[in-house]
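Chain letters run A, B, ... following the sequence lines, proteins first and then strands; every chain starts at 1.
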Amino acid sequence: MVESDRSEFPGAHTPLTRVTDDAARTGPEALNRPYDPTGVEERWYRLWEDRGYFSPEGGDGRRPFVISMPPPNLTGVLHYGHAVIVTFEDLLIRWRRMQGYETLWLPGTDHAAIGTNSVLLDQIAKQGRTRDEIGREVFEELFWDWIGKSGATIRSQLRRVGASCDWSRERFTMDEGLTRAVNEAFVRLYDRGLIYRGSYLVNWDPQDRTAVSDLEVEHEIVAGKLWHVRYPLVDGGHIVVATTRPETILGDTAIAVHPDDERYAGLIGRRAQVPALERQIRIIADDAVNPEFGSGAVKVTPGHDPNDYQMGIRHELEMINILNEDGTLNENAGPFAGQDRFEARVSVVNWLDERDLIEKVEEHEHSVGHGQRSGTIIEPMLSEQWFVRIGPLAAAAAAAVRDGKIQFHPPRFADEFLRWMDEIHDWCISRQIWVGHRLPVWYCQDCGETTVNNDEPESCPACGGVLERDPDVLDTWFSSGLWPFSTLGWPDSTPDFRNFYPTTVMQTGYDIIFFWVARMVMLGIELTGEVPFRHVHLSGLMRRDDGSKVSKSDPQPGDDPAEVIDRFGADALRYMIATAGSPGGDLKLVWQKLEAARNFANKLWNAARFTVDAQAVGQVEPGPPTAVDRWILGRLDQTVSETTRRLEAFNFGEAGRGIQDLIWNDFCDWCIEASKPRLRGNDPAAASRAAATLAEVLTTSLRLLHPFMPFVTEELWSHLRRVLTDLEPENIIIADWPESQGRERDPAVAEIDGLAEAVRVIRNARREAGVEPARRIEAVLKPGARSAVLETESDFLARLARIDPLVILGDGDTPPEKSISLIAGGMEIHLPLEGMIDIDVERKRLTSELERLDGEIARADKALSNKKFIERAPADVVQKRRDDRVAAVSQRNTTRTRLDTL
RNA sequence: GGGCAAGUAGCUCAGCCGGUUAGAGCGCCACGUUGACAUCGUGGAGGCCACAGGUUCGAGUCCUGUCUUGCCCACCA
């Protein structure tokens with residue numbers, strides 16, 4: 001984990017002094033209820049940005065903390081998936097900024113080659129035109145137009161979520177600098193033999209008319225058919241093969257059987273006739289054939305099937321391509337040439353059927369590859385493409401992860417990463433589209449020489465002939481793979497590159513761990529000699545209410561986070577995202593959770609209103625802290641430590657929930673309530689102390705919460721600064737991250753916890769006895785171990801449990817007979833409800849209480865009489881068990897006495 | 001076919017190194033008073049922690065197996 005450098009950035013914990021002038025108090029117009037984020041969020045974002053809080057100088061001597069923002073695709077608008085990434089990254093950045101790190105969060109956008117290509121082709125198609133009609137130059141103009149518009153939308157959306165990223169360093173994958181980086185990377189990898197060109201079987205997308213990488217092919221199980229087809233043998237008879245793609249018969253160059261398959265032993269080496277074509281093909285033997293499947297004989301189509309391609313290499317078979325780039329059949333398809341691939345399948349089946357060459361047809365489920373972007377069925381096809389030789393890159397990347405140079409959070413994703421690195425194939429990086437970085441490759445029209453160079457050469461270096469540039473562009477993930485360093489100025493050794501590389505955390509959705517994270521690691525190590533980031537935090541995916549995944553390729557109407565921000569505020573959205581799940585787990589966008597988050601912001605708002613008003617007590621030297629003060633400050637320090645620890649472990653959900661627990665359950669429900677009598681009493685020093693405690697707890701809580709809910713905390717900070725003159729700095733965004741002062745160990749924490757428990761028990765008893773909520777009742781206490789705290793804090797109990805009068809007995813005194821008797825927080829509590837208690841009901845209650853206690857004691861006895869437990873359990877666990885048993889026995893005795901005297 | 005994750009209250013989910021009687025929010029029931037808050041307060045009901053074994057003094061938590069769901073990877077025609 002990243003260590004926080006505490007010594008350098010001590011927290012400011014000086015007591016806050018208050019403004020006494022009433023005029024300085026926040027006017028009612030400033031703290032209206034309920035909290036309304038409208039306008040507030042935009043105002044603060046502008047101020048932060050204008051003051052340069054997002055933009056580090058670089059190299060000012062502080063430890064850097066750097067995140068490269070995953071660049072959103074310029075294919076449209078942001079969705080919740082982006083909101084998730086922004087929430088977590090902004091959380092990390094704001095937290096580390098407060099801790100005093102020099103933080104850089106570098107934003108940018110991605111040209112999304114095939115995705116944007118599809119968007120543009122759609123636009124052109126709507127005008128009734130085609131790509132080829134308008135030409136490459138006009139197409140590229142359309143592209144830059146679109147980039148401008150889409151980029152503006154995305155920038156404004158990121159601002160609305162509150163992303164405190166450095167817009168002055170914003171980059172785009174196709175800006176001049178990054179294009180230079182892409183060319184440089186290509187040239188270096190080519191020179192090192194890590195990029196090559198060749199004719200191989202690739203995944204062809206006939207709709208987008210381009211090759212795509214293995215990762216861009218999504219396999220789906222579809223219900224298809226398995227046709228058993230008779231191939232006539234040249235010297236008589238026939239052989240039956242099974243196929244799911246009958247149209248590929250036209251590309252067959254062999255039939256294969258298993259070498260040990262006795263059924264076909266006599267046929268090996270004989271020749272068969274390809275239906276509908278002149279071609280005769282050999283029957284060969286190959287281990288890859290599964291005799292159990294189909295007829296045990298398989299047609300071999302090396303030009304259109306990965307298995308068959310390998311078999312073709314082994315047996316030196318002819319490789320025939322029967323497809324055009326658009327998915328129609330080419331001249332090699334004989335009578336079917338010109339037909340679309342789907343049409344051709346029907347035609348071929350009909351042709352075979354008419355000649356009685358189909359033996360049978362079976363229903364057959366199998367997996368079919370579809371284009372990630374286009375959705376169309378991918379055809380394996382022979383094609384001349386460029387590849388990255390991945391083996392050496394993957395080995396180095398895997399080693400970096402194994403050696404812990406890169407850590408995954410949660411760690412299980414490291415295993416997934418390594419497993420994938422083991423099975424990885426070479427990466428096809430050329431695309432036959434017009435959106436993207438054009439390959440820095442030129443071919444000589446005269447001598448055929450290939451030139452790979454950063455800048456366009458004037459003529460062929462070999463023969464001086466005329467050059468033509470390769471028309472292909474690079475896979476969009478090639479430029480994305482350079483992102484953490486290309487954005488910092490690589491290949492130049494710029495100040496930013498020196499100051500901020502390697503980056504600290506890469507945080508993104510786990511769905512692009514292979515597409516993106518792996519490639520950044522591979523290319524980063526190869527090109528910069530260093531890992532591109534130390535930590536990888538993978539968040540879960542955002543799912544719609546119905547469980548479907550929110551994704552770029554399939555946007556739905558409700559996917560725009562702007563709707564939620566309009567209605568609940570960005571803080572609510574962020575808090576909901578940060579706390580809705582556990583690390584790496586998927587999130588569901590649930591309405592009630594957003595409401596709950598908004599309500600939390602409002603609760604905080606109202607607690608702040610109270611705290612602001614409380615400061616009107618005037619500038620009086622505060623009296624000593626009471627037990628309640630020490631209790632809440634202990635809880636505060638505990639939360640401070642826990643929150644820091646949880647954030648360091650990337651455990652955002654627990655961190656956020658813990659802060660809410662402090663604010664709502666401890667601060668609001670107990671501390672604020674307990675402070676009211678002091679604030680309104682006639683002891684100015686006590687009131688002043690109460691106000692000071694409220695101020696400290698609230699301002700510290702706001703700092704803890706700021707990374708989660710930046711806007712409302714900043715707004716409240718500014719209101720508090722009007723009444724707390726010492727509250728620094730001016731904006732919470734640059735305030736120090738709190739540090740614990742160790743007050744969680746104050747004994748007052750346990751004491752007040754005990755009183756609070758007593759309050760709860762009394763409230764419960766009142767309810768059961770049917771006492772009206774407003775009515776004050778008498779209580780008689782035997783305080784036991786709590787006598788000291790009760791001396792000063794009896795008001796706490798009296799007020800919150802609505803007790804009056806509160807009678808405290810000495811140890812020897814006898815409690816009143818006719819009363820409800822309770823034991824809580826180490827005290828004996830008697831409520832003499834004259835005329836109100838039903839003896840039978842009370843007897844029943846005490847009896848069941850006795851049973852409960854007997855059960856507890858029995859369980860404790862069982863454990864404590866177990867020798868092995870005494871021997872093997874840790875001493876503190878055994879001791880605790882003993883203490884608990886003693887307490888239970890004492891409670892039981894008291895309860896029994898009450899029952900007997902009733 | 002291989003792998004991963006999940007299965008806990010009506011719903012959505014937490015639950016750390018195994019440690020008394022398993023938590024939150026929402027929903028539900030009942031009642032509302034004190035000039036922060038009705039986007040609120042107080043009290044309550046509600047759980048075979050998927051199932052079966054095992055390890056252990058002790059299992060929601062660790063191990064094995066089974067079932068269900070989701071996802072990722074994969075060339076079986």
Side-chain angles (χ1 to χ4, degrees), chain A residues 31 33-35 214-215 219 226 241-245 248 256 288-290 292-295 297-301 305-310 364 366-367 369 380 412-413 415-416 419-420 423 510-511 513-514 540-541 543 545 547 549 579-582 584-588 590-593 595-614 646 649 651 653-654 657 660-661 665 668-669 672-673 676-677 680 760 763-764 766-768 772-775 799-800 802 852 855-856 859-860 863 866-874 876-878 880-881 884-885 888:
Chain A
L31 274 163
R33 66 184 162 84
Y35 170 60
D214 292 346
L215 275 179
H219 294 271
L226 188 61
V241 303
T243 180
T244 55
R245 295 187 300 157
T248 62
V289 179
N290 176 3
E292 308 291 317
F293 189 89
S295 63
V298 60
K299 60 194 272 315
V300 183
T301 320
D305 184 278
N307 272 328
D308 296 2
Y309 178 74
Q310 293 303 328
H364 180 62
H366 61 134
S367 116
R412 64 184 149 90
F413 287 113
D415 298 333
E416 205 165 316
R419 204 173 304 116
W420 190 68
E423 302 170 354
Y510 65 70
D511 54 335
I513 180 167
F514 305 134
L541 309 179
R543 297 185 180 280
D545 223 349
K549 169 178 155 185
T579 58
S582 50
D586 288 350
L587 305 166
K588 219 177 251 189
V590 178
W591 211 243
Q592 288 91 333
K593 281 194 186 180
E595 269 179 7
R598 177 203 56 187
N599 294 353
F600 176 42
N602 188 53
K603 185 75 178 178
L604 178 70
W605 182 259
N606 282 299
R609 293 176 67 222
F610 181 84
T611 303
V612 165
D613 286 347
R646 287 163 172 167
N651 203 341
E654 294 240 307
R657 286 186 292 265
Q660 172 170 348
D661 190 47
N665 299 333
C668 293
D669 288 354
I672 286 185
E673 291 310 318
K676 286 175 181 174
R680 288 162 201 156
R760 273 189 290 263
R763 281 171 176 169
N764 179 336
R766 290 173 56 113
R767 164 75 53 152
E768 280 185 6
E772 304 89 67
R775 188 173 154 200
R799 175 186 167 80
L800 296 175
R802 293 196 76 70
R852 187 186 67 82
E856 194 177 320
R859 276 191 301 276
N866 184 333
K867 266 187 197 159
K868 285 180 178 172
F869 174 69
I870 306 292
E871 281 164 18
R872 296 185 196 179
D876 58 324
V877 171
V878 176
K880 189 164 186 311
R881 201 73 200 229
D884 290 343
R885 185 185 177 280

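Rounded to whole Å, the C1' atom of B/rC49 lies 11 Å from the corresponding atom of B/rA59. Rounded to whole Å, the separation between the P atoms of B/rU8 and B/rG1 comes to 27 Å. The same atom, P, is picked in B/rU20 and in B/rA36; the two are 39 Å apart, to the nearest Å. Nucleotides B/rU42 and B/rC37, compared at atom P, are 15 Å apart to the nearest Å. With both ends at atom C1', the span from B/rC76 to B/rU56 equals 47 Å, rounded to whole Å. Using atom C1' as the reference point in both B/rU66 and B/rA22, the two lie 25 Å apart (nearest Å). Between the C1' atoms of B/rC40 and B/rU34, the separation comes to 13 Å (whole Å). For the P atoms, the distance linking B/rC28 with B/rG10 amounts to 15 Å, nearest Å.
Checking the phosphate oxygens (OP1, OP2) of B/rA14, a side-chain nitrogen or oxygen of A/Ser582 falls inside 4.0 Å. When the side-chain nitrogen and oxygen atoms of A/Asn866 are compared with OP1 and OP2 of B/rG58, none of them lie within a distance under 4.0 Å. At the phosphate of B/rC73, neither OP1 nor OP2 sits under 4.0 Å from any side-chain N or O atom of A/His219. Note on A/Arg680: a side-chain N or O is less than 4.0 Å away from OP1 or OP2 of B/rA36. Put simply, A/Asn764 has a side-chain N or O that comes within less than 4.0 Å of OP1 or OP2 on B/rG44.
Stem analysis of RNA chain B (at least three stacked-register Watson-Crick or G-U pairs, each with both distances under 3.5 Å) gives B:1-7 with B:67-73, B:10-13 with B:23-26, B:28-32 with B:40-44, B:50-54 with B:62-66.
Here B/rG43 is the nucleotide among B/rG43, B/rA77, B/rA36 with the atom lying nearest to any side-chain atom of A/Arg767. When the nucleotides B/rU20, B/rC37, B/rA36 are ranked by their closest atom to the side chain of A/Asn602, B/rC37 comes out on top. Checked against B/rA77, B/rC72, B/rU12, the side chain of A/Val590 finds its nearest nucleotide in B/rU12. Among the nucleotides B/rA36, B/rC31, B/rG15, the one closest to any side-chain atom of A/Lys676 is B/rA36. Closest to the A/Pro34 side chain, of the nucleotides B/rU39, B/rA36, B/rG19, is B/rU39. Looking at the side chain of A/Ala596, the nearest of the listed nucleotides B/rG25, B/rG43, B/rG19 is B/rG25. Ranking B/rU34, B/rA36, B/rU12 by closeness to the A/Ala607 side chain, first place goes to B/rA36. Closest to the side chain of A/Glu654, out of B/rG15, B/rU21, B/rU33, is B/rG15.
The aromatic rings of A/His364 and A/Phe293 stand perpendicular to each other, their planes meeting at an angle above 60°, with 30° marking the opposite boundary.
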Query - Summary of protein contacts for nucleotides 4-11 of chain B, nucleotide by nucleotide, where a base hit scores B, a sugar-phosphate-only hit scores S (4.0 Å, heavy atoms) - result: -S------

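In terms of polar N and O atoms assigned as donor or acceptor, the side chain of A/Arg775 never comes within less than 3.5 Å of the base of B/rU33 in a complementary pairing. Residue A/Lys868 places no side-chain atom within donor-acceptor reach of the base of B/rU56, judged by atom type and a 3.5 Å distance cut-off alone.
Atoms CD (A/Glu768) and P (B/rC31) sit 16 Å apart, rounded to a whole Å. Put simply, NZ on A/Lys588 is 12 Å from P on B/rG70, counting in whole angstrom units. Atoms CZ (A/Arg609) and C1' (B/rC37) sit 7 Å apart, rounded to a whole Å. Remark: C1' of B/rG23 and CG of A/Asn665 are 12 Å apart, rounded to the nearest angstrom. Here the P atom of nucleotide B/rC37 and the CG atom of A/Asn606 are 6 Å apart, to the nearest Å.
A/Lys299 and A/Thr248 form a side-chain donor-acceptor contact under 3.5 Å, judged by distance and modelled atom types alone.
Glycosidic conformation at B/rC29 (O4'-C1'-N9-C4 for purines, O4'-C1'-N1-C2 for pyrimidines): anti, more than 90° from 0.
Each of A/Glu856 and A/Ala580 was matched to the nucleotide of RNA chain B holding its nearest heavy atom; the match closer to the 5' end belongs to A/Ala580.
In this structure, A/Glu673 reaches the bases: a heavy-atom distance under 4.0 Å links it to at least one base atom across the strands shown.
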